[in-house]
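Note sheet for the following structure.
Reminder, nothing fancy here: chain letters follow the sequence lines and each chain counts from 1.
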Amino acid sequence: GENVGLHLPTLSVQEGDNSIINCAYSNSASDYFIWYKQESGKGPQFIIDIRSNMDKRQGQRVTVLLNKTVKHLSLQIAATQPGDSAVYFCAETAGNQFYFGTGTSLTVIP
Amino acid sequence: NAGVMQNPRHLVRRRGQEARLRCSPMKGHSHVYWYRQLPEEGLKFMVYLQKENIIDESGMPKERFSAEFPKEGPSILRIQQVVRGDSAAYFCASSPIGTANTEAFFGQGTRLTVV
């Protein structure tokens with residue numbers, strides 16, 4: 001299958017700082033990308049998505065950036081809060097499947 | 001509108017037994033996806049189903065695993081003759097249309113433990 005990988009497996013940030021989580025993807029034909037948040041013992045929860053005809057999309061405290069040239073996706077979380085502590089997955093769609101990376105575990109230090 | 005419902009949340013089976021995992025998609029959703037997640041790992045695609053049809057089962061192990069999504073009732077992921085390596089969290093997701101350009105909503109998962 002396609003490989004969607006993350007640069008860093010863990011990330012610790014101070015409460016109130018901004019967080020940046022990175023993701024590399026390999027399928028240049030992928031045209032839709034999603035960030036999911038997974039808290040311990042729960043299912044993945046949609047955060048934000050972006051289509052390949054865009055390079056930036058903003059939500060509430062979150063921004064996703066897409067660089068198709070280098071096949072790189074990032075999630076920026078502004079003013080990180082303790083409730084943001086979770087594992088974050090990026091996913092790309094190609095055909096019928098979502099391809100997920102291993103995930104980045106974000107820990108927010110109070 | 002209830003979300004994706006999976007049951008049971010936790011399932012313990014002895015080696016050699018059968019495991020049945022159920023997934024009820026969100027109302028109005030006719031597309032279901034099953035994923036497996038091992039501890040500290042990402043989500044691995046298993047199968048994609050529409051009502052009464054298997055669309056893509058490229059992620060399913062060739063033996064012991066099967067899935068269905070009947071016209072009525074939940075989607076079922078069935079694992080026969082379970083082995084310890086089947087222990088994992090199994091997540092179901094649903095969408096109103098196929099994955100292309102739409103998000104999928106996940107259930108809370110079924111955690112299977114094989115003893």
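The aromatic rings of B/Tyr35 and A/Phe100 lie perpendicular to each other, with more than 60° between the two planes, well past the 30° mark.
For a residue to count as touching a neighbouring chain, one of its non-hydrogen atoms must lie under 4.5 Å from one of that chain's; by this rule A/Gln45 does not touch chain B. Proximity to chain B (any heavy atom under 4.5 Å) is shown, for A/Phe33, by neither the backbone nor the side chain. Proximity to chain A (any heavy atom under 4.5 Å) is restricted, for B/Gln37, to the side chain, taken from C-beta onward.
In this structure, the separation between CD on A/Gln58 and CD1 on A/Ile50 is 10.5 Å, given to the nearest 0.5 Å.
None of B/Tyr48, B/Phe91, B/Phe69 except one satisfies the ring pair (Phe, Tyr, Trp, His ring centres under 6.0 Å) rule with B/Tyr33; the exception is B/Tyr48.
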Please evaluate residues A/Ser30 and A/Glu92 with respect to the criterion side chain to side chain donor-acceptor pair (under 3.5 Å), reporting the C-alpha separation (whole Å), side-chain torsions for both, the decisive distance (0.1 Å), and the verdict.
CA-CA 6 Å; A/Ser30 295; A/Glu92 61 176 318; 2.2 Å; yes
